Amino acid sequence: MISTVRGMRDILPADMERWQRVETVARQICGCYGYRELRTPLIEREELFVKGTGESTDIVQKEMYAFADKGGERVTLRPEATPGIVRAFVEHGLEQSLSVPKLFTLGPMFRYERPQKGRYRQFHQLNIEVFGVGDASLDAEVIEMACTLVSALGIDETELVISSVGCPVCRPAFSEALLKALGEDLPKLCGDCQRRATSNPLRIFDCKVPADQPIVDGLPHSEDYLCDACRGHFEAVQGYLRAYDQPFQVSHRLVRGLDYYTRTTFEIRSLKLGAQNALLGGGRYDGLVKELGGPDRAGIGFAAGLERLVLALPESDDAVLPDVFVAAIGEANREAAFVLARALRAGGLRTLVDYEARSAKAQMKRANRAGVRHVVIVGDDELARGEVTVKTMATGEQHGVARDRVVDSLLSAL
RNA sequence: GUGAGUGUAGCUCAAGGGUAGAGCGCCGGACUGUGGCUCCGGAUGUUGGGGGUUCGAAUCCCCUCACUCACCCCA
């Protein structure tokens with residue numbers, strides 16, 4: 001048997017109900033906040049992510065599905081959506097054509113990682129992005145919208161963590177301060193941290209090695225090294241969040257793995273999901289549009305992991321069941337049954353029929369298993385009277401209905 | 001990329017060298033035109049794959065693949 005490729009998975013009918021719930025709520029909320037949907041290709045030029053996501057990130061260094069196509073073009077399956085959306089924003093001059101440059105997209109991403117709970121090589125994200133607005137009120141609105149999405153889905157036991165990673169003006173000073181504070185403790189840290197010290201010192205805060213914690217806990221905090229502009233911005237964001245009565249915690253240890261973030265970053269975690277607990281994460285990326293060849297515009301957004309939202313979704317039993325089963329009694333009446341089924345479907349009823357001329361009993365069994373509310377029985381006796389029998393499964397009650405009245409009768413019964 | 005655990009029927013799992021099983025589900029019958037409950041009957045497996053040890057391997061050994069969880073990283 002040929003099976004799925006590693007890290008890929010089928011989303012089966014039994015799961016689709018939950019997926020559709022997530023997607024429907026997501027679209028509805030995006031609409032309320034003024035976002036317009038767009039879709040960008042799954043395949044982009046490799047350089048888009050090298051420049052956009054960042055050369056030093058794990059995503060670019062080891063997780064991209066990158067290859068040369070038959071024309072020799074270096075392309076890659078998108079590992080994240082933001083660079084593609086920025087490209088589309090610039091390429092189509094959306095700044096001019098959209099009254100508000102708020103965009104969202106929904107679709108698959110690809111990262112070559114070792115799969116585990118909540119992490120797959122093909123996974124799906126909801127991305128929202130806003131261009132051209134640098135004000136802290138937008139940061140707060142984006143964060144508040146993310147929280148609204150999560151709670152609208154009925155997901156509880158979550159925490160919102162926010163941070164500020166500063167800007168190109170103040171971040172170098174903070175990195176330097178970190179290394180200085182580390183001083184001779186650096187060799188005592190784990191191997192990963194030693195590497196981080198040279199590549200991206202902020203990442204040292206990501207360390208989970210217990211032995212490192214006393215040292216990491218003693219390091220300076222990013223808040224204390226923000227420039228005046230960044231500090232003011234971060235305080236304003238928090239002010240708005242308080243005005244929204246939106247609980248949050250400030251963490252100096254929240255470091256996002258993408259190079260382009262500036263100032264505000266945030267993450268919503270589920271407390272009951274296991275190791276891959278980030279439901280959604282995002283932040284501001286004020287330099288990215290320009291970096292990718294566009295005008296110098298601010299940017300902010302987040303990505304929500306649909307698999308993880310589905311995983312965190314509360315149980316519910318609102319499965320969509322068919323309405324009616326049309327049972328033909330006897331070979332001669334099958335044609336009449338199919339014709340009736342067409343009429344029921346034209347009336348908007350979810351209608352099942354049997355294709356294998358089974359016994360009445362077998363058809364009833366199927367109808368019961370399918371969960372229909374009513375069975376329409378088409379047999380010699382009722383056809384002779386110009387009727388069919390309608391049986392209500394829940395009560396077992398049944399009665400004759402004129403053939404040409406069945407659709408209306410069932411529509412009003414449901 | 002690293003580590004650990006697990007692979008047996010559609011699903012959940014037994015059998016730890018001697019003929020591959022149960023429950024659930026599925027199909028049929030009891031009830032020749034009526035579901036659920038009950039009873040009876042039936043189908044289904046290259047025991048993940050390959051190699052080895054053995055008279056004999058689901059079982060022991062090696063390799064490989066997949067899945068799961070964790071590290072890493074992130075949605």
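By convention in this document, chain letters (A, B, ...) are assigned in the order of the sequence lines, proteins followed by strands, and residues within each chain are numbered from 1. Just so we're clear, the structure is a prediction, and the values are computed from it rather than from any experiment.
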Once you apply the 3.5 Å cut-off to both distances, tell me the Watson-Crick or G-U wobble partner of [N], or none.
N: B:G35; answer: none
N: B:C13; answer: B:G21
N: B:C26; answer: B:G42
N: B:A75; answer: none
N: B:G3; answer: B:C69

Confirm from the modelled atom types if [X] and [N] form a donor-acceptor pair under 3.5 Å, side chain to base only.
X: A:Arg269; N: B:C74; value: no
X: A:Lys117; N: B:U68; value: no
X: A:Gln398; N: B:G35; value: no
X: A:Arg119; N: B:C69; value: no

Regarding A:Thr24 and A:Gln28, do their side chains bring together a donor and an acceptor under 3.5 Å, going by distance alone?
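No, because no side-chain N or O of A:Thr24 sits under 3.5 Å from a partner of the opposite role on A:Gln28.
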
Kindly indicate whether a cation-pi arrangement holds for A:Arg121 with A:Tyr112, taking the cut-offs as under 6.0 Å to the six-membered ring centre and within 45° of the axis.
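Yes, a cation-pi geometry holds between A:Arg121 and A:Tyr112.
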
Counting just side-chain N and O atoms, does [X] come under 4.0 Å of either OP1 or OP2 of [N]?
X: A:Lys361; N: B:G35; result: yes
X: A:Gln116; N: B:A70; result: yes
X: A:Arg9; N: B:C67; result: no
X: A:Arg6; N: B:C67; result: yes
X: A:Arg369; N: B:C26; result: yes

Once you apply a heavy-atom cut-off of 4.0 Å, does A:Leu309 come out as touching a base, just sugar-phosphate, or nothing?
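Since no nucleic acid heavy atom lies under 4.0 Å of A:Leu309, the category is nothing.
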
When we call it a touch if two heavy atoms are under 4.0 Å apart, what does A:Ala327 touch: a base, just sugar-phosphate, or nothing?
nothing

[atom1] of [X] versus [atom2] of [N]: gap in Å, rounded?
X: A:Lys365; N: B:G28; atom1: NZ; atom2: C1'; result: 8 Å
X: A:Glu307; N: B:C74; atom1: CD; atom2: P; result: 18 Å
X: A:Asp58; N: B:C72; atom1: CG; atom2: P; result: 11 Å
X: A:Ile128; N: B:A75; atom1: CD1; atom2: P; result: 14 Å
X: A:Arg114; N: B:U2; atom1: CZ; atom2: P; result: 7 Å

Sub-4.5 Å side-chain heavy-atom contact between A:Arg308 and A:Arg119
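Yes, side chains in contact.
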
A:Val150 side chain reached by A:Leu280 side chain, heavy atoms, under 4.5 Å
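A side-chain contact exists here, since the closest heavy-atom pair is under 4.5 Å.
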
Verdict with supporting geometry, A:Met64 and A:Glu46, side-chain contact (heavy atoms from CB on, under 4.5 Å)
CA-CA 9 Å; A:Met64 287 214 294; A:Glu46 185 175 11; 4.0 Å; yes

If you assign each of A:Arg308 and A:Ala275 to its closest nucleotide in RNA chain B, which residue comes earlier from the 5' end?
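Its nearest nucleotide lies further toward 5', so the answer is A:Ala275.
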
Select from A:Gly282 and A:Lys62 the residue whose nearest nucleotide in RNA chain B is closer to the 5' end of that strand.
A:Lys62

Closest listed nucleotide, where the reference is the side chain of A:Leu258 and the choices are B:G35, B:A75, B:G28:
B:A75

Minimum heavy-atom distance A:Ala136-A:Val237, with the two atoms named:
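Closest approach of A:Ala136 to A:Val237, heavy atoms only: CB-CG2, 3.7 Å.
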
